[in-house]
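Here the structure comes first, spelled out in structure tokens, and everything after it is commentary.
Computation of the quantities below employed the complete heavy-atom set of this structure, encompassing side-chain atoms and omitting hydrogens, waters and symmetry-equivalent molecules. If you read the sequence from its start, that first residue is 1, and numbering goes on from there.
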Amino acid sequence: MQLSIDFTKGNGLVPAIIQDYKSGTIYMLGYMNEDSLQKTFETGYVYFWSRSRKKLWMKGEESGNKLRVKEVYSDCDSDSLLVKVTLIGNNVCHTGNKSCFYTKMGKI
């Protein structure tokens, strides 16, 4: 697979929005480098680059709440990703919530 993602803008990382394939629910935002994106395509499960641990990790490797990839899109500038997934498990967020986006900041 030839990658056409521009990893240089983000010092080797690109943001990856994780969205439910059927419902459209946004589950989380993670960061991928070239290796994690390649591993995602090879395995069919979402892999990220952990900025704090400085290593690749598969979402759900400890919790069992894995993300099975259905589709991957790049944005118009080729510097961010949208990964549509099927959740295998009950939640995505480490807090136990289905989505990491559960804190409402207010109305505008």
Side-chain angles (χ1 to χ4, degrees):
M1 174 190 76
Q2 183 178 7
L3 301 176
S4 59
I5 301 301
D6 186 353
F7 290 97
T8 61
K9 290 180 189 175
N11 294 319
L13 298 176
V14 295
I17 301 163
I18 308 302
Q19 181 181 40
D20 186 86
Y21 178 72
K22 288 186 180 177
S23 72
T25 299
I26 301 296
Y27 287 136
M28 66 174 289
L29 172 77
Y31 291 89
M32 291 185 169
N33 63 9
E34 196 165 352
D35 291 339
S36 61
L37 182 57
Q38 185 68 42
K39 188 94 170 165
T40 295
F41 276 109
E42 288 172 2
T43 66
Y45 289 94
V46 176
Y47 278 79
F48 295 108
W49 175 256
S50 171
R51 295 173 296 164
S52 58
R53 294 178 286 169
K54 307 285 188 229
K55 69 173 197 164
L56 286 180
W57 63 282
M58 182 183 75
K59 181 65 179 164
E61 65 189 4
E62 293 179 16
S63 68
N65 297 307
K66 298 178 182 179
L67 301 172
R68 183 80 171 132
V69 177
K70 299 296 274 182
E71 299 173 340
V72 179
Y73 296 86
S74 65
D75 75 334
C76 57
D77 293 325
S78 297
D79 61 2
S80 61
L81 300 167
L82 172 63
V83 183
K84 295 190 176 194
V85 302
T86 299
L87 172 61
I88 299 171
N90 298 316
N91 54 55
V92 174
C93 187
H94 71 281
T95 64
N97 287 288
K98 191 163 196 113
S99 169
C100 293
F101 295 98
Y102 59 88
T103 304
K104 187 173 183 177
M105 294 186 65
K107 290 185 177 181
I108 296 178

Polar side chain donor-acceptor pair, Asp6 to Thr8, under 3.5 angstrom:
yes
Supply the atom-to-atom distance [X] [atom1] to [Y] [atom2], rounded to the nearest 0.5 angstrom.
{"X": "Ile5", "Y": "Ser80", "atom1": "CD1", "atom2": "OG", "result": "8.0 Å"}
{"X": "Glu62", "Y": "His94", "atom1": "CD", "atom2": "NE2", "result": "12.0 Å"}
{"X": "Gln19", "Y": "Tyr73", "atom1": "CD", "atom2": "OH", "result": "9.0 Å"}
{"X": "Thr86", "Y": "Asp20", "atom1": "OG1", "atom2": "CG", "result": "6.5 Å"}
{"X": "Lys9", "Y": "Asp77", "atom1": "NZ", "atom2": "CG", "result": "4.5 Å"}
{"X": "Asp75", "Y": "Leu81", "atom1": "CG", "atom2": "CG", "result": "8.0 Å"}

Identify the two heavy atoms, one from [X] and one from [Y], that lie closest to each other, and give their separation to 0.1 Å.
{"X": "Lys59", "Y": "Val92", "answer": "NZ-O, 2.7 Å"}
{"X": "Phe7", "Y": "Met32", "answer": "CE2-O, 3.7 Å"}
{"X": "Tyr27", "Y": "Lys98", "answer": "CD2-O, 3.5 Å"}
{"X": "Ile88", "Y": "Arg68", "answer": "CD1-CB, 3.8 Å"}
{"X": "Lys70", "Y": "Tyr21", "answer": "CB-CD1, 3.4 Å"}

Would you say [Y] ends up clustered with [X] if hydrophobic residues are merged whenever their side chains have heavy atoms under 4.5 Å apart, either directly or through other cluster members?
{"X": "Leu87", "Y": "Val85", "result": "yes"}
{"X": "Ile18", "Y": "Phe101", "result": "no"}
{"X": "Leu37", "Y": "Trp57", "result": "yes"}

Only one of Tyr31, Phe41, Tyr47 forms a side-chain contact (heavy atoms from CB on, under 4.5 Å) with Ser36, so which one is it?
Tyr47
